[in-house]
Participant: 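Below are the structure tokens for one structure; questions will follow.
Values below: all heavy atoms of this structure, side chains included; hydrogens, waters and symmetry mates excluded. Residue numbers start from 1 in every chain, and the chains themselves are labelled A, B, ... in the order their sequence lines are given, proteins ahead of strands.
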2 protein chains.
Amino acid sequence: MLGLMQDRPLSLPHVFRRVERQFGHKTVVSGRVGGETTMTWAQVCARVRRLAAALDELGVPAGARVGTFAWNSHRHVELYLAVPCTGRVLHTINHRLFGEQITYIVNDAADDVLFVDRSILPVIWPLAGTFTTVRAVVVMDDGSDAEIPDDDRVVDYEDLLGRAGDTGGEFTVDDENTAAALCYTSGTTGDPKGVLYSHRSVVLHAALLLMVDTFGINERDVVMPIVPMFHVNAWGLPYSAMLCGADLVLPGPAMSPPELAGMLARHKVTFGAAVATIWRGLLPLLGRHDFSAVRQIVSGGGAVDEALTRAYQEAIGVPLTNAWGMTETSPVVTTSRIATVHDGCTPEQQRALLATPGPAVPLTEVRIVGDDGREAPWDGQSPGELQVSGPTIAARYFGAHPGTGAFTGDGWLRTGDVATIDRHGYVRIVDRTKDLVKSGGEWISSVELENAIMEHAGVAEAAVIGVADDKWGERPVACVVPAAGATLTAEAVREHLRGRVASWWLPDQVFFLDEIPKTATGKFAKQRLRSQYTPTTR
Amino acid sequence: MLGLMQDRPLSLPHVFRRVERQFGHKTVVSGRVGGETTMTWAQVCARVRRLAAALDELGVPAGARVGTFAWNSHRHVELYLAVPCTGRVLHTINHRLFGEQITYIVNDAADDVLFVDRSILPVIWPLAGTFTTVRAVVVMDDGSDAEIPDDDRVVDYEDLLGRAGDTGGEFTVDDENTAAALCYTSGTTGDPKGVLYSHRSVVLHAALLLMVDTFGINERDVVMPIVPMFHVNAWGLPYSAMLCGADLVLPGPAMSPPELAGMLARHKVTFGAAVATIWRGLLPLLGRHDFSAVRQIVSGGGAVDEALTRAYQEAIGVPLTNAWGMTETSPVVTTSRIATVHDGCTPEQQRALLATPGPAVPLTEVRIVGDDGREAPWDGQSPGELQVSGPTIAARYFGAHPGTGAFTGDGWLRTGDVATIDRHGYVRIVDRTKDLVKSGGEWISSVELENAIMEHAGVAEAAVIGVADDKWGERPVACVVPAAGATLTAEAVREHLRGRVASWWLPDQVFFLDEIPKTATGKFAKQRLRSQYTPTTR
């Protein structure tokens, strides 16, 4: 027997109607080169309607991917709404990836048109010839003086909106499982893999962030997603802000610590989200501004050390808290918080708890699975691979390579992290099953980096490990065995890698060994390497 | 193109797993006759597993309705979980309805078994012969000494659980549109109508209440639903408490003002929900207890007067706030709150605002439609019929009479209330299109009451109107034209009605007129009657 409730889809047109009708008076502040722009949501929504008409004018078909290379700005927000609300797919791309990865991603997604911030154009335009499906490149002027190519494919965003009529009617997306957004992860070895979010998953995720025990985003908040809008929808924060009518503050290209600190203070930001590297960079500036409006700041994309959490507590009276997720998980799966059972803990214990991922949010489930394939108990001691299930979690990857190895037989996502879970559901990451280095919140594949090093004729063998780094969280270190008779220097290895991998993949240190220690099964014994080659041995 | 997210249903088995695994240490307090019982959620969940096995043992088929006549208690919570988590339908019934209505509802729902609190048994057992589908009556001992009939159909709840094995496996409901719960509304004329909630609507509604701008229910809360669990799932509060791990305090049959005030204070309740009549009854007791733990108290089921809101503000430092909904709407559609735009208002203006329904919650949409069938503007002035849409709103009624007149061509629910909406989405109820009296949060049909009066041989014509009442919000008043030559008294009219309508439908006052004033189209001119027959004319 089926219930008799209205068959109303969980879809972004509802989110658009809500922010347009109910919260038109709230504001969106966007940084640009040398300044900032303030708009009301009413103004943004009117532009969304023009952008929707412009996408029709550009002839972008239903279901087609619209690629964006853009900072956090009102124009990116406009794309966040107009593209999925008209049945197209918003495809946000990280312009900091290595050129070959960008080409791969644009072509794998078969992007129909691209929207590119002017300041990012110098990185993207040189790749334009490698894009096989892109029909037009729409340039969004963010105040940069970067040269705009004289090319028929190039269109100015404001010209496009100026020419477009107003889409007066209601947006509709009838099936909530329609694709809304696409984001590629570089989190696993091999080619980047696309995660194709549905309207249902995006709206449910936005709703989760409004709950008190998740982030508690509400109408009184001024939300600043420092985490980029090309990275898992900026944790879904723009959509959450629309759903509850919070003000948004978007840094644009103004990503230096002084610029970020200035925006945080000037706009009385109440909720901020960024990777730990950003928060670490802001630490020296906290004494120079008034951050009294801040109620919560969250660090994602990796562990937070208790010292950093304490430093924020002491500087602005609010501890840095942690959250855990992946591109495959929309992303928020867990958020750290002090529950009633922790009321008796010391302040130190509470801060240590806030530095860990915390319990799963509603609608999402976590489990840990041991090497024997059986679920490990929630005793805070037994480790297992962290696996995740729920309506905001990927079932497979987009495109030709669904990545079946990343999912279990019963459809749970294998995260590649090893964790414990305590009896109150609190997750702690204790190790990683995949061989990756996480630097500044972005993944570096050890295996790919090793392969690139071993392409050097003078290298017999190479192993890459991640070592703790104050600024970036982790940085790659290479352990290299030279080929017989070869003479190698660290700089020669790095020089060899330039052009082969992204510049931020270059290992900070290169150690030369006679041989790489191996495990019984012949694999690199990376635990032994890690314990030997720590930063203090530099 | 469809998104590639996991196809995980929004269903109550998730809610059960969450409260069982993550919040087993939190508590459920239940009042009973002459005392109270405290259980952990772990204990309650273990009993849910036994109850699930017991339902199998009773042979209750999938999809069958399980009727409950019960106060708010841990046993009712157990039914809230075990029945829908095993694919049956929880059918909560108001034992205060008139006997014929109860018989109609039980038979219309075709309830397979009934679960009845012992203290309610004396009201229900005399009707047992009229129930055409009920195979068993399970009695839940709430401390009452009411006689238990010696009848094969009668089973003791604790005996049943004691005999049942433990359902060790996982509950699963694969299709989120599966029916989970059924509740009849007496809110319209004619026979009561059933609203059949789906797992999807119940879970989404539970999630909505966790949002800051709705009720903000969270793990630190001690939630006391004084609103009965037979009334629209007690506003969904038990399910919200399970989803976030809040403690629950359930009054059971201990519904007198001194008992309720004692529980509120003793258990440090942080969030309470009840109709205005209850809050008004508690007012004289507020000085005798410590209510400092209370963070929010909500009144639903009708307007709140600003005086009552202010009285709470002055007595306990927290104003009474309002929420609006119907059985057909799960029920919460709007919740009152002070938004950033109201920060400049005076305290009086803010309290007046808190006494109105407020803006719609996320995922749910409201509109007002004028007599001309066109949507009225959100200007705070133009009235129109309030209509509601969303995944937690009914699409039609259960059973043979889907009540198509209650829904628009485009599938919105017609609420029967006339409202204005201001530019920030704030709803105010200004009138009612349906002819109803709302007494103590429950509807009385004027038309049915009029018909019952007119069955008296000495009555020529009768009109019933609602007049404001300090305690009940509204009470029915009858205006009666005696038949030629007949001699009538108010007591004779009331005596005639006894046995024909529920005792709380009996009009407090009966006025005798020479004729009922009529409108141009021959209908009773009830506005004129209301302006004449106010309580001061008593």
Participant: Non-hydrogen atoms of chain B under 4.5 Å away: do they reach the side chain of Leu413(A), the backbone, both or neither?
Facilitator: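 The answer is both parts of Leu413(A).
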Participant: Under 4.5 Å from any heavy atom of chain A, what part of Ile421(B) do you find: side chain, backbone, both or neither?
Facilitator: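 Neither part.
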Participant: Can you tell me which of Ala64(A), Gly411(A), Gly390(A) forms the most heavy-atom pairs within a distance under 4.5 Å of chain B?
Facilitator: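 If we count pairs closer than 4.5 Å to chain B, Gly390(A) comes out on top.
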Participant: Could you pull out the closest heavy-atom pair between Leu210(A) and Pro362(B), with the gap in Å?
Facilitator: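 Taking every non-hydrogen atom into account, CD1-CG, 4.2 Å.
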Participant: Under 4.5 Å from any heavy atom of chain B, what part of Asp7(A) do you find: side chain, backbone, both or neither?
Facilitator: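 For Asp7(A), no heavy atom lies under 4.5 Å from chain B.
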Participant: Please determine whether the number of non-hydrogen atoms from other residues, nucleotides or ligands lying under 6.0 Å from atom CZ of Arg8(A) exceeds 12.
Facilitator: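 Enclosed.
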Participant: If you look at every heavy atom in Gln22(A) and His424(B), which pair is closest and at what distance?
Facilitator: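 In this case the closest contact between Gln22(A) and His424(B) is CG-O, 3.4 Å.
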Participant: For chain B, which of Arg21(A), Met211(A), Arg423(A) has the most heavy-atom pairs under 4.5 Å?
Facilitator: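 Ranked by contacts with chain B, first place is Arg21(A).
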Participant: Let me know if His25(A) has heavy atoms under 4.5 Å from chain B in its side chain, its backbone, both or neither.
Facilitator: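 Only the side chain of His25(A) comes within 4.5 Å of chain B.
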Participant: Which pair of non-hydrogen atoms, one from Arg220(B) and one from Thr340(A), has the smallest distance, and what is that distance?
Facilitator: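 Distance-wise, the nearest heavy atoms are NH2-N, 3.7 Å.
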Participant: Which atoms of Ser389(A) come close to chain B, meaning under 4.5 Å heavy atom to heavy atom: side chain ones, backbone ones, both, or neither?
Facilitator: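 Both parts, backbone and side chain.
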Participant: Where do Arg200(A) and Leu10(B) come nearest, in terms of heavy atoms and distance?
Facilitator: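 Minimum heavy-atom separation between Arg200(A) and Leu10(B): NH2-CG, 3.7 Å.
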Participant: If you take all heavy atoms of Glu176(B) and Glu176(A), which pair is closest and at what distance?
Facilitator: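 Looking at all heavy atoms of both residues, the shortest contact is OE2-OE2, 4.1 Å.
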Participant: Do Glu219(B) and Arg337(A) come within less than 4.5 Å of each other through their side chains, counting heavy atoms only?
Facilitator: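 When only atoms from C-beta onward are counted, Arg337(A) and Glu219(B) do touch, with a gap below 4.5 Å.
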Participant: Which atom names give the shortest non-hydrogen contact between Val388(A) and Gln6(B), and what distance separates them?
Facilitator: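 Nearest heavy atoms, Val388(A) then Gln6(B): O-NE2, 3.5 Å.
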Participant: Name the option with the most non-hydrogen atom pairs under 4.5 Å to chain A; the candidates are Glu365(B), His199(B), Arg396(B), Arg17(B).
Facilitator: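 Result: the option with the highest number of such pairs is Glu365(B).
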Participant: So which of Asp422(B), Val361(B), Leu204(B) has the largest heavy-atom pair count under 4.5 angstrom toward chain A?
Facilitator: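 Ranked by heavy-atom pairs under 4.5 Å with chain A, first place is Val361(B).
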Participant: As an exercise: rank Pro402(A), Ser198(A), Ala394(A) by heavy-atom pairs under 4.5 Å with chain B and give me the winner.
Facilitator: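 Answer, by heavy-atom pair count under 4.5 Å with chain B: Ala394(A).
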Participant: Counting only heavy atoms closer than 4.5 Å, note whether Arg65(A) contacts chain B via side chain, backbone, both or neither.
Facilitator: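 Contact with chain B: side chain only.
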Participant: Are the charged groups of Arg367(B) and Glu170(A) less than 4.0 angstrom apart, N to O?
Facilitator: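 No, no charged N to carboxylate O under 4.0 Å.
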Participant: So Leu2(A) and Leu196(B), do their side chains get closer than 4.5 Å, heavy atoms only?
Facilitator: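 In short, these two side chains do not touch, never coming nearer than 4.5 Å.
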Participant: Any side-chain heavy atom of Leu363(B) sitting closer than 4.5 Å to one from Val203(A)?
Facilitator: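 They are in side-chain contact.
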Participant: Measuring from atom CD1 of Ile393(B) to atom CE of Met5(A), what distance do you get when rounded to the nearest 0.5 angstrom?
Facilitator: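 Reported value, rounded in 0.5 Å steps: 6.5 Å.
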Participant: Pick whichever of Gly63(A), Ala62(A), Pro391(A) has the most heavy-atom pairs under 4.5 Å with chain B.
Facilitator: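 Heavy-atom pair counts peak at Pro391(A).
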Participant: Looking only at atom types and distance, does a side-chain atom of Arg18(A) sit under 3.5 Å from a main-chain N or O of Ala360(B), one as donor and one as acceptor?
Facilitator: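 Between the backbone of Ala360(B) and the side chain of Arg18(A) there is a qualifying donor-acceptor contact (under 3.5 Å).
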Participant: More than 12 heavy atoms of other residues, nucleotides or ligands under 6.0 Å from CZ of Arg295(A): yes or no?
Facilitator: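 Yes.
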Participant: Is Leu209(B) in contact with chain A via its backbone, its side chain, both, or neither, using a 4.5 Å heavy-atom distance?
Facilitator: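 For Leu209(B), no heavy atom lies under 4.5 Å from chain A.
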Participant: Using a 4.5 angstrom heavy-atom cutoff, name the option from Gly24(B), Gly425(B), Ala339(B), Gly216(B) with the most pairs to chain A.
Facilitator: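 The residue among Gly24(B), Gly425(B), Ala339(B), Gly216(B) with the greatest pair count is Ala339(B).
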Participant: Go through the atoms of Val15(A) and report whether side chain, backbone, both or neither lie under 4.5 Å from a heavy atom of chain B.
Facilitator: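 Neither part; nothing is under 4.5 Å.
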Participant: If I measure from the heavy atoms of chain A, does Val202(B) come under 4.5 Å with its side chain, its backbone, both, or neither?
Facilitator: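 Nothing of Val202(B), per the 4.5 Å heavy-atom cut-off to chain A.
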Participant: Between Ser240(B) and chain A, with a heavy-atom cut-off of 4.5 Å, which part of the residue counts as in contact: side chain, backbone, both or neither?
Facilitator: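 The answer is neither part of Ser240(B).
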Participant: Sort Pro9(B) into side chain, backbone, both or neither according to what part of it lies under 4.5 angstrom from a heavy atom of chain A.
Facilitator: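 Backbone only.
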